[in-house]
Amino acid sequence: MTNQQVPAATAGGLFSFLGIAALSGRIVPALINAAGGVLARLIGPVGSLAAGNAGRNPRRTSATATALLIGVALTSTLVVGIATVKEAAPAAMDSQFPVDVMVSSSGSAPLPAGLGTDIAAVNGVGAVSGLDKAELTIDGRGSLAGFGVDAARVKDVLRTEISVPAAGQLVLSPADLTEYKLSAGETATVRGDRGAVNVSVIEGVKGQPALLDRGDLGAAATTPTTDSYWVRLGTDTDEEALAATDRITELARQEAPGSDVQGMTEMRSALDSILDTMLMVVAGLLSVAVLIALIGVGNTMALSVLERRRESGLLRALGLTKKGIRAMLIWEALLVAGVASVIGVLFGMVFGVAGTASVFGIEDVALSAVPWAQLVAIVLIGGICGVIASLLPARRAGLVSPVTALAS
């Protein structure tokens, strides 16, 4: 998938989510009954009673569980989505930004030649390569912004592989090949204000500029100008890389006002900060939704206690202790909240991975980046909060005497 499919993926995710919410009335009771059977075998009679009570009113149980399920699913989607984006984003950024730092001209004025020398002298800089620019035409097919490079030097600054031209070659991205109706291996004539140069067309990678050998560009154009400098850092840590980028930025401001400095380390740090802030803000909002859902669990349990008052009294009369009554209600709440939390986490994991895949492509999504520990913690927190929500109704049910309950 590509980012052009994000709107379709968003619409599909929305309709899928609405479908899950609509079908939860059938899914949730069935899963609660299945989990109740396991609980009955593990806990005994009290577990069997709790499972039976949880499945007694499927409509009410599913409504209560669905509210919690939606809150947990949204939280899990966010957690998984951000974790997988953090893992996939660096590779995507590398493919679009193959150098550590790029200093670009403002467009109205070229970069001074001495800036490259000064950047190379900065502590932490490993290599620098300048890109010359000239306006060209290609075989009468249209204008072309050509960039001249020194193949040996530019390879020293690249972090990821892109196509680099040798003498007599022109590297065009797939989009440029389509625009100029050329294919790899063809011979094209590039013209500038000085003359024409015949070059062999090479297919480059997506998004890269049109590159020529610096000598070929000089033969076609009279006065190529320095448009940008590509910089490779020789630092060992992100802190050192950020410090070197800051020094390069200061040099650019002094020698080429208006120039733009972009650094991969800085961009990754900014992205991580944005994602972490988004996680905290949205998680805070979703936690309120989960809290409201858990209040619904408590209200459902309180209503169940009132409706089953005589039944509780009969159980007490038959020998079930106060502790047993309380345990029965707590296990019932844990069953509902636990099943809703598990379903919510599973759906959230699917939606989170699918959302990342819609932006970066499924091949760039690493399942190893899924925060399994956090997802387990979400399930545990959902179950524990369900238990807490049931404590007050369970306590009230245990305080009622059998005689009073049967007489009501």
Sub-3.5 Å donor-acceptor pair from the side chain of [X] to the main-chain atoms of [Y], do we have one?
X      : Y      : answer
Tyr180 : Ser143 : yes
Asp216 : Ala167 : no
Asp213 : Gly215 : yes
Ser76  : Ala73  : no
Arg232 : Leu158 : yes
Arg153 : Val128 : yes
Arg247 : Asn123 : yes

Item checked: Derivation of the side-chain contact (heavy atoms from CB on, under 4.5 Å) call for Val154 and Ile162 -> CA-CA 10 Å; Val154 80; Ile162 66 170; 5.9 Å; no
Would you say [X] and [Y] make side-chain contact, with heavy atoms under 4.5 Å?
X      : Y      : result
Val171 : Val164 : no
Leu170 : Leu211 : no
Leu78  : Ile82  : yes
Ser163 : Glu203 : no
Ser129 : Asp156 : no
Leu182 : Arg141 : yes
Val359 : Val85  : no
Val101 : Ile119 : no

Next item on the list: Determine the sole option in Leu233, Thr245, Val157, Thr235 for which the side chain to side chain contact (heavy atoms under 4.5 Å, CB included) test with Val125 is passed.
Entry: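 Of the listed residues Leu233, Thr245, Val157, Thr235, the side chain to side chain contact (heavy atoms under 4.5 Å, CB included) partner of Val125 is Leu233.
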How far apart are the closest heavy atoms of [X] and [Y], and which atoms are they?
X      : Y      : result
Val99  : Val231 : CB-O, 3.9 Å
Ala145 : Lys133 : CB-CE, 4.1 Å
Leu212 : Pro165 : C-CG, 3.5 Å
Ser228 : Ser104 : CB-CA, 4.0 Å
Thr84  : Ala366 : CG2-O, 4.3 Å
Ala210 : Leu172 : CB-CD2, 3.7 Å

Let me confirm one number: the [atom1]-[atom2] distance from [X] to [Y], rounded to the nearest 0.5 Å.
X      : Y      : atom1 : atom2 : result
Ile27  : Ile343 : CD1   : CD1   : 7.0 Å
Leu68  : Thr64  : CG    : OG1   : 9.5 Å
Tyr229 : Leu115 : OH    : CG    : 5.5 Å
Leu49  : Leu39  : CG    : CG    : 10.5 Å
Ser259 : Gln254 : OG    : CD    : 11.0 Å
Leu329 : Leu392 : CG    : CG    : 11.5 Å

Next item on the list: Please name all residues satisfying salt bridge (charged side-chain N to carboxylate O under 4.0 Å, His left out) with Asp276, sequence neighbours left out, ordered by chain then number.
Entry: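 So Asp276 forms a salt bridge (charged side-chain N to carboxylate O under 4.0 Å, His left out) with Lys86.
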Note to self: Under 4.0 Å between a side-chain nitrogen and a carboxylate oxygen: does that hold for Asp132 and Arg214?
What the structure shows: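 Counted as a salt bridge, because a side-chain N and a carboxylate O are separated by less than 4.0 Å.
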Note to self: Tell me whether the count of non-hydrogen atoms from other residues, nucleotides or ligands lying under 6.0 Å of CZ in Arg253 goes above 12.
What the structure shows: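 Not more than 12 within 6.0 Å, no.
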Item checked: Atom CH2 of Trp230: over 12 foreign heavy atoms under 6.0 Å ->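 It does: Trp230 CH2 has more than 12 such atoms within range.
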Next item on the list: Test side-chain contact (heavy atoms from CB on, under 4.5 Å) on Val72 and Ser341 and set out the steps.
Entry: CA-CA 6 Å; Val72 171; Ser341 298; 4.2 Å; yes
Item checked: Working for side-chain contact (heavy atoms from CB on, under 4.5 Å), residues Leu375 and Val379 -> CA-CA 6 Å; Leu375 296 180; Val379 173; 5.9 Å; no
